[in-house]
Participant: 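Next up is a structure, given as structure tokens.
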Amino acid sequence: MSDWTTDAANAIDNAVGLVRERAVDPVRAIVRAIIYGLLAALILIPAVTLLTIGLFRMLAIASHGHVWAAWTGLGGIFLITGWFCWIKRNP
């Protein structure tokens with residue numbers, strides 16, 4: 001014969017485990033994805049901005065002070081990137 005207190009404690013433990021498995025774990029995964037996504041965005045946006053500024057400066061120096069060449073080259077890169085994104089969009 002088993003002890004009813006042990007059975008009651010096991011039943012409560014199983015119920016709490018089931019609720020956690022169905023409610024808390026999926027929410028934890030979603031929140032973790034949101035947090036890591038925001039962290040990646042907060043790191044990547046300034047990095048891309050600084051990389052673009054550095055690329056522009058390198059193009060201006062490489063073209064011996066002809067800044068219009070740097071503007072044209074960087075504008076062409078952004079134009080092609082925007083055109084590619086426009087084609088890949090969902091209508």
Side-chain angles (χ1 to χ4, degrees):
M1 193 188 283
S2 66
D3 187 17
W4 68 272
T5 57
T6 306
D7 292 341
N10 287 337
I12 291 171
D13 189 41
N14 289 338
V16 169
L18 183 65
V19 168
R20 179 178 178 184
E21 179 183 322
R22 293 195 183 181
V24 175
D25 289 342
V27 172
R28 181 184 294 165
I30 292 170
V31 168
R32 188 172 290 165
I34 290 171
I35 294 297
Y36 286 143
L38 286 173
L39 182 64
L42 287 174
I43 291 171
L44 287 176
I45 290 172
V48 168
T49 302
L50 290 174
L51 184 68
T52 304
I53 292 170
L55 179 65
F56 180 78
R57 294 283 296 173
M58 284 177 37
L59 286 173
I61 291 170
S63 63
H64 303 292
H66 299 289
V67 181
W68 64 268
W71 280 108
T72 304
L74 207 57
I77 291 170
F78 283 133
L79 183 70
I80 290 170
T81 303
W83 176 71
F84 178 75
C85 290
W86 186 260
I87 288 175
K88 292 296 180 182
R89 69 179 166 85
N90 291 332

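Both backbone and side-chain heavy atoms feed into the values below; hydrogens, waters and symmetry mates do not. Every value quoted in this text rests on a predicted model; they were computed, and no experiment measured them.
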Participant: Ignoring hydrogens and angles, write down the donor-acceptor pairs under 3.5 Å from the side chains of residues 38-57, residues two or more places apart or on other chains.
Facilitator:
from	atom 1	to	atom 2	distance (Å)
Thr49	OG1	Ile45	O	2.8
Thr52	OG1	Val48	O	2.8

Participant: Linking I/L/V/M/F/W/Y whenever any side-chain heavy atoms sit under 4.5 Å apart, do Met58 and Phe78 land together?
Facilitator: no
Participant: How long is the straight-line distance from CG of Leu59 back to OG1 of Thr72, given to the nearest 0.5 Å?
Facilitator: 10.0 Å
Participant: So how far is it from Lys88 NZ to Trp83 CH2, rounded to the nearest 0.5 Å?
Facilitator: 9.5 Å
Participant: CG of Asn10 to OG1 of Thr5: how many Å apart, nearest 0.5 Å?
Facilitator: 9.5 Å
Participant: Which residues pass the side-chain hydrogen bond (donor to acceptor under 3.5 Å, both in side chains) test with Asn14, not counting sequence neighbours?
Facilitator: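 Listed in chain order: nothing, the list is empty.
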Participant: Just by distance, do the side chain of Asp13 and the backbone of Ala9 share a donor-acceptor pair under 3.5 Å?
Facilitator: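 A pair under 3.5 Å: no.
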